[in-house]
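Down below is the structure, laid out as C-alpha coordinates.
These values consider heavy atoms only, across backbone and side chains, with no hydrogens, waters or symmetry-generated copies.
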Amino acid sequence: MTSQPAHPSASTPSDVASLSFEEARDQLVRVVAELEQGAPTLEQSLSLWERGEALAARCDEWLRGAKRRLEAAQSSAGDDQ
(Lines give C-alpha, C1' and ligand atoms only; values in the text may rest on other atoms or scores of the structure.)
Protein backbone atom coordinates (compact mmCIF):
# COMPACT_ATOMS: atom_id res chain seq x y z
CA MET A 1 0.00 0.00 0.00
CA THR A 2 1.42 3.40 -0.96
CA SER A 3 0.90 6.43 1.20
CA GLN A 4 -0.91 9.32 -0.47
CA PRO A 5 -1.29 12.77 1.05
CA ALA A 6 -4.54 12.82 3.01
CA HIS A 7 -5.44 16.22 1.58
CA PRO A 8 -4.80 17.59 -1.94
CA SER A 9 -2.99 20.67 -0.62
CA ALA A 10 -0.95 18.65 1.85
CA SER A 11 1.91 17.55 -0.35
CA THR A 12 5.17 16.33 1.12
CA PRO A 13 7.13 18.82 3.25
CA SER A 14 10.23 18.32 1.05
CA ASP A 15 8.69 20.62 -1.58
CA VAL A 16 8.59 23.40 1.03
CA ALA A 17 12.36 23.91 0.80
CA SER A 18 12.03 25.43 -2.67
CA LEU A 19 9.35 27.99 -1.72
CA SER A 20 9.97 31.71 -1.49
CA PHE A 21 8.97 33.46 1.73
CA GLU A 22 5.81 34.81 0.12
CA GLU A 23 4.79 31.43 -1.29
CA ALA A 24 5.34 29.70 2.05
CA ARG A 25 3.46 32.43 3.93
CA ASP A 26 0.50 32.32 1.54
CA GLN A 27 0.28 28.54 1.76
CA LEU A 28 0.54 28.71 5.56
CA VAL A 29 -2.38 31.16 5.68
CA ARG A 30 -4.46 28.72 3.61
CA VAL A 31 -3.50 25.76 5.80
CA VAL A 32 -4.44 27.66 8.97
CA ALA A 33 -7.79 28.64 7.44
CA GLU A 34 -8.49 25.00 6.53
CA LEU A 35 -7.58 23.84 10.04
CA GLU A 36 -9.84 26.47 11.57
CA GLN A 37 -12.74 25.25 9.43
CA GLY A 38 -12.10 21.67 10.51
CA ALA A 39 -10.92 18.88 8.26
CA PRO A 40 -13.31 15.97 7.69
CA THR A 41 -10.95 13.38 9.22
CA LEU A 42 -8.27 13.23 11.87
CA GLU A 43 -5.76 12.05 9.25
CA GLN A 44 -6.45 15.10 7.11
CA SER A 45 -6.08 17.39 10.12
CA LEU A 46 -2.74 15.81 11.00
CA SER A 47 -1.53 16.10 7.42
CA LEU A 48 -2.48 19.77 7.33
CA TRP A 49 -0.81 20.38 10.70
CA GLU A 50 2.43 18.77 9.50
CA ARG A 51 2.36 20.86 6.33
CA GLY A 52 1.74 23.98 8.40
CA GLU A 53 4.71 23.19 10.65
CA ALA A 54 6.96 22.77 7.61
CA LEU A 55 5.71 26.02 6.08
CA ALA A 56 6.20 27.92 9.34
CA ALA A 57 9.75 26.58 9.60
CA ARG A 58 10.44 27.73 6.03
CA CYS A 59 9.14 31.22 6.81
CA ASP A 60 11.28 31.33 9.93
CA GLU A 61 14.33 30.27 7.88
CA TRP A 62 13.73 33.14 5.45
CA LEU A 63 13.25 35.65 8.27
CA ARG A 64 16.42 34.55 10.10
CA GLY A 65 18.35 34.89 6.84
CA ALA A 66 16.96 38.37 6.26
CA LYS A 67 17.90 39.38 9.80
CA ARG A 68 21.48 38.16 9.27
CA ARG A 69 21.72 40.16 6.04
CA LEU A 70 20.43 43.31 7.75
CA GLU A 71 22.85 42.89 10.63
CA ALA A 72 25.74 42.40 8.19
CA ALA A 73 24.71 45.49 6.24
CA GLN A 74 24.45 47.56 9.42
CA SER A 75 27.80 46.27 10.59
CA SER A 76 29.53 47.12 7.31
CA ALA A 77 27.84 50.55 7.24
CA GLY A 78 29.19 51.21 10.73
CA ASP A 79 32.67 50.20 9.61
CA ASP A 80 32.56 52.76 6.76
CA GLN A 81 32.11 55.67 9.16
Side-chain donor-acceptor contacts of residues 62-71 below 3.5 Å, not counting sequence neighbours, with atom names and distances?
residue : atom : partner : partner atom : Å
Trp62   : NE1  : Leu19   : O            : 3.1
Arg64   : NE   : Asp60   : OD2          : 2.8
Arg64   : NH2  : Asp60   : OD2          : 3.4

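When the side chains of ILVMFWY residues are joined at heavy-atom separations under 4.5 Å, either directly or via intervening members, Val32 and Phe21 end up in two distinct hydrophobic clusters. The hydrophobic cluster containing Val31 does not contain Val29, counting ILVMFWY residues as joined when their side-chain heavy atoms lie under 4.5 angstrom apart, directly or transitively. In the hydrophobic clustering of ILVMFWY residues, with side-chain heavy atoms under 4.5 Å counting as a link, Leu55 and Leu35 come out together.
Residue Ala39 comes nearest to Gln44 through the heavy atom pair CB-CB, 3.8 Å, listed as atom of the first residue, atom of the second, then distance. Of all heavy-atom pairs spanning Glu23 and Ser18, the tightest one is OE1-O, 4.3 Å.
For the pair Glu53/Glu50, no side-chain contact is recorded, criterion being any heavy-atom separation below 4.5 Å from C-beta on.
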**Q.** Derivation of the side-chain contact (heavy atoms from CB on, under 4.5 Å) call for Arg51 and Asp15
**A.** CA-CA 10 Å; Arg51 176 109 180 129; Asp15 72 322; 2.8 Å; yes
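With salt bridges taken as basic N to acidic carboxylate O contacts below 4.0 Å, none links Glu22 and Arg25.
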